[in-house]
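Notes follow the structure.
Keep in mind that what you see is a predicted model, and the values were worked out from it rather than measured. Every heavy atom of this structure was used, including side-chain atoms; hydrogens, water molecules and symmetry mates were not.
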Amino acid sequence: MEAIHQTIERTFREESGRVLAALISTLNDFDLAEDAFQDALIVALEKWPQDGRPTNPGAWITTTARNKAIDRLRRRQNFDRKQAHLVALAQKPPAPDEYEMDSIPDERLKLIFTCCHPALSLEAQVALTLRTLGGLETAEIANAFLVPVPTMAQRLVRAKRKIQQAGIPYRVPPTDLLPERLHAVLTTLYLIFNEGYNASSGDALIRQELSSEAIRLAQILNQLLADDPNLAEDAEALGLLALMLLHDARRQARVGRTGELILLEAQDRSLWDSEQIGVGTAVLHHALSLKQPGPYQIQAAIAALHDQAATPQETDWPQIAALYQALQQYTESPVVRLNWAVAVAMAEGPMRGLALLDELAEAGTLDHYHLFHAARADLLRRAGFYDDAHDAYTIALDLCQNAVEKRFLRRRLAELGHER
Amino acid sequence: MQYLLMIYTSEQQDAQRTPEESEANMGEYFAFTNEAREAGVMMAGDALHPTTAATTVRVRHGQISSTDGPFAETKEQLGGYYLLNCENLDEAIKWAAKIPGARDGSIEIRPVWEFEG
């Protein structure tokens with residue numbers, strides 16, 4: 001019985017995005033849609049074990065939830081006010097045997113754009129996207145972002161209230177707004193991915209579910225853009241998908257048995273997922289063929305060059321340095337400049353890299369960034385300045401918040417002791 | 001002369017009112033509205049949704065940025081207002097971005113309460 005329940009819950013989670021998107025579209029109410037979705041789950045837990053899983057579960061859930069929503073609206077005291085909804089819903093009564101998903105339009109693009117509306121805070125966008133499109137429980141999202149469950153619940157309530165009160169439209173933005181809004185969607189997806197891949201704090205370096213979810217959502221987004229007759233494939237949306245696939249392919253090699261961080265050059269490259277690298281590279285080539293260059297595609301190209309090197313020595317550092325240089329046209333991020341300096345150091349030697357880092361240090365913006373000091377320490381070590389390297393590692397360690405990365409830095413400090 | 005009377009209250013304290021207290025408070029506002037209307041001084045007046053529904057629009061280097069919340073800087077003061085009837089928030093943002101003040105200050109968009117019935 002337990003197994004059946006788990007299967008049912010998994011089905012609901014998989015269908016969540018599409019069902020909720022359709023429900024919100026007809027009900028115009030996030031909360032009502034979510035409540036009705038939960039109602040449908042209760043019915044399914046009761047009926048599916050007896051009647052079996054419907055052939056088209058998504059359509060079954062949508063139809064059942066829509067009926068439950070009508071029940072809920074009827075029960076509400078302010079019945080009159082909602083009658084307009086009821087009339088609209090009753091006009092298309094679902095025939096119980098017509099559980100065909102094709103008859104239910106895929107409204108997920110509308111949901112994606114609404115959840116990632118720039119008038120919502122970034123953290124609200126992330127939470128809402130994971131909750132509605134990803135079908136994650138509030139508690140799961142709270143755990144992933146290391147905030148108390150009530151805080152996350154409150155964040156979701158506020159976000160939904162803002163959509164309602166401020167009149168954020170539930171739609172795919174018109175052409176003039178589309179580039180800006182698509183950019184906001186990509187930012188949110190990348191943030192979810194990075195939180196999973198590069199947890200900013202806490203113990204587990206990789207919270208795999210978040211990364212996988214970001215990849216899944218990016219796949220859906222690209223598919224929907226390609227399928228919509230009024231829209232077109234977007235090179236940057238494809239570039240982001242490629243970037244995430246190409247990074248995520250190294251996941252197994254990135255953390256050691258005891259959870260320690262393993263840097264790119266020390267990774268066991270046989271653990272890399274060559275199939276996923278193939279998929280990511282193909283997506284990147286397709287993106288590049290659209291001839292709309294952009295920062296995600298450049299970053300994906302950098303990741304692809306790393307993935308293609310069979311050994312660290314074979315890494316094409318001159319080309320990676322050139323790509324980081326190109327990336328700086330799009331962003332003033334000091335982190336990108338830092339990566340550029342490191343790539344140049346790999347291509348031309350540590351002294352050249354250290355000179356670039358000194359220029360960066362003068363700007364002062366990276367003083368509190370542990371990876372700046374870690375990168376500087378590494379170049380100092382390579383150049384043979386062990387005492388200076390020791391000092392830089394110590395600063396990096398003080399600034400670092402992630403337990404796994406801290407362990408890595410301590411190990412580096414210890415190794416340095418042997419070299420000195 | 002026309003005067004704009006701006007109402008500043010603590011949202012936190014307002015939220016702590018009991019339903020009875022809220023109703024009494026609303027009653028006082030309705031009474032004020034009626035008094036102003038009967039006296040012939042009333043031009044317009046509205047209640048706003050709380051600042052959690054606010055969006056701030058700025059235009060810098062020709063780029064529109066909209067952010068969640070009422071983040072006007074303390075060095076910026078209220079200098080005027082427009083009350084617009086828009087289809088949705090996107091349309092309101094578009095108009096806000098055209099206001100000259102959006103280029104060196106910020107435009108705070110606050111939805112107006114619509115009382116039903």
Side-chain angles (χ1 to χ4, degrees), chain A residues 25 28 30 76-85 110 113-129 151 154-185 187-188 191 330-332, chain B residues 9 11-12 14-16 19 22-23 26 46-72 81-99 102-103 106-117:
Chain A
S25 195
N28 199 20
F30 273 72
R76 281 191 187 171
Q77 288 185 323
N78 48 4
F79 174 79
D80 290 343
R81 210 155 60 82
K82 298 285 175 185
Q83 207 151 24
H85 273 327
K110 291 183 187 173
F113 280 108
T114 304
C115 290
C116 298
H117 195 282
L120 296 169
S121 70
L122 250 186
E123 51 183 29
Q125 293 177 31
V126 166
L128 207 55
T129 302
T151 306
Q154 183 67 15
R155 193 177 289 173
L156 285 162
V157 167
R158 285 218 178 113
K160 285 181 279 189
R161 196 183 295 153
K162 167 128 193 201
I163 290 173
Q164 197 92 15
Q165 290 182 341
I168 292 177
Y170 187 73
R171 64 171 186 189
V172 175
T175 322
D176 59 326
L177 290 178
L178 195 62
E180 175 207 338
R181 293 293 156 84
L182 188 56
H183 177 76
V185 171
T187 304
T188 304
L191 195 88
Y330 297 96
T331 167
E332 287 172 14
Chain B
T9 59
E11 286 178 357
Q12 226 176 344
D14 293 349
Q16 283 163 6
S22 293
E23 201 156 321
M26 288 274 270
D46 282 298
L48 302 179
H49 278 288
T51 50
T52 46
T55 303
T56 301
V57 178
R58 295 185 182 90
V59 177
R60 298 291 184 270
H61 312 294
Q63 294 270 37
I64 302 174
S65 92
S66 6
T67 47
D68 181 42
F71 296 135
Y81 82 98
Y82 286 99
L83 182 66
L84 305 181
N85 198 353
C86 297
E87 188 68 31
N88 54 44
L89 183 62
D90 284 347
E91 197 191 342
I93 290 172
K94 207 176 278 185
W95 281 107
K98 290 184 188 182
I99 298 175
R103 295 196 300 267
S106 25
I107 311 298
E108 180 180 324
I109 301 176
R110 293 279 293 278
V112 169
W113 266 106
E114 286 174 35
F115 293 97
E116 309 205 20

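Other residues, nucleotides and ligands place no more than 12 heavy atoms under 6.0 Å from the CG atom of B:N85. The number of heavy atoms from other shown groups lying within 6.0 Å of OH (B:Y81) does not exceed 12. Counting non-hydrogen atoms of neighbouring residues, nucleotides and ligands closer than 6.0 angstrom, the NE2 atom of B:H49 exceeds 12 such neighbours. Counting heavy-atom neighbours within 6.0 Å of B:E87 CD, excluding the residue itself, gives a total of 12 or less.
Closest approach of A:G167 and B:N88 over heavy atoms only: O-CB, 3.3 Å. Contact between A:A166 and B:L89 at its shortest, heavy atoms only, is O-CB, 3.4 Å.
Proximity to chain B is limited to the backbone of A:L120, based on heavy atoms less than 4.5 angstrom apart. Heavy atoms closer than 4.5 Å to chain B are found in the side chain of A:R158, but not in its backbone. Contact of B:T67 with chain A is made through the backbone alone, with heavy-atom distances under 4.5 Å. Neither the backbone nor the side chain of B:I109 has a heavy atom closer than 4.5 Å to any heavy atom of chain A.
With rounding to the nearest 0.5 Å, the separation of CZ in B:R110 from CD in A:Q165 is 10.0 Å. Atom CD of A:E180 sits about 8.0 Å away from atom CD of B:Q63, to the nearest 0.5 Å. We find the CD1-CG distance between B:I64 and A:L177 to be 8.0 Å, quoted to the nearest 0.5 Å.
Chain B forms more heavy-atom pairs under 4.5 Å with one residue of A:A184, A:S121, A:A124 than with any other, namely A:S121. Put simply, of B:S66, B:A92, B:A53, the one with the most heavy-atom pairs under 4.5 Å next to chain A is B:A53.
Under the side chain to side chain contact (heavy atoms under 4.5 Å, CB included) rule, B:D68 has a single partner from A:E123, A:K162, A:H117, which is A:K162.
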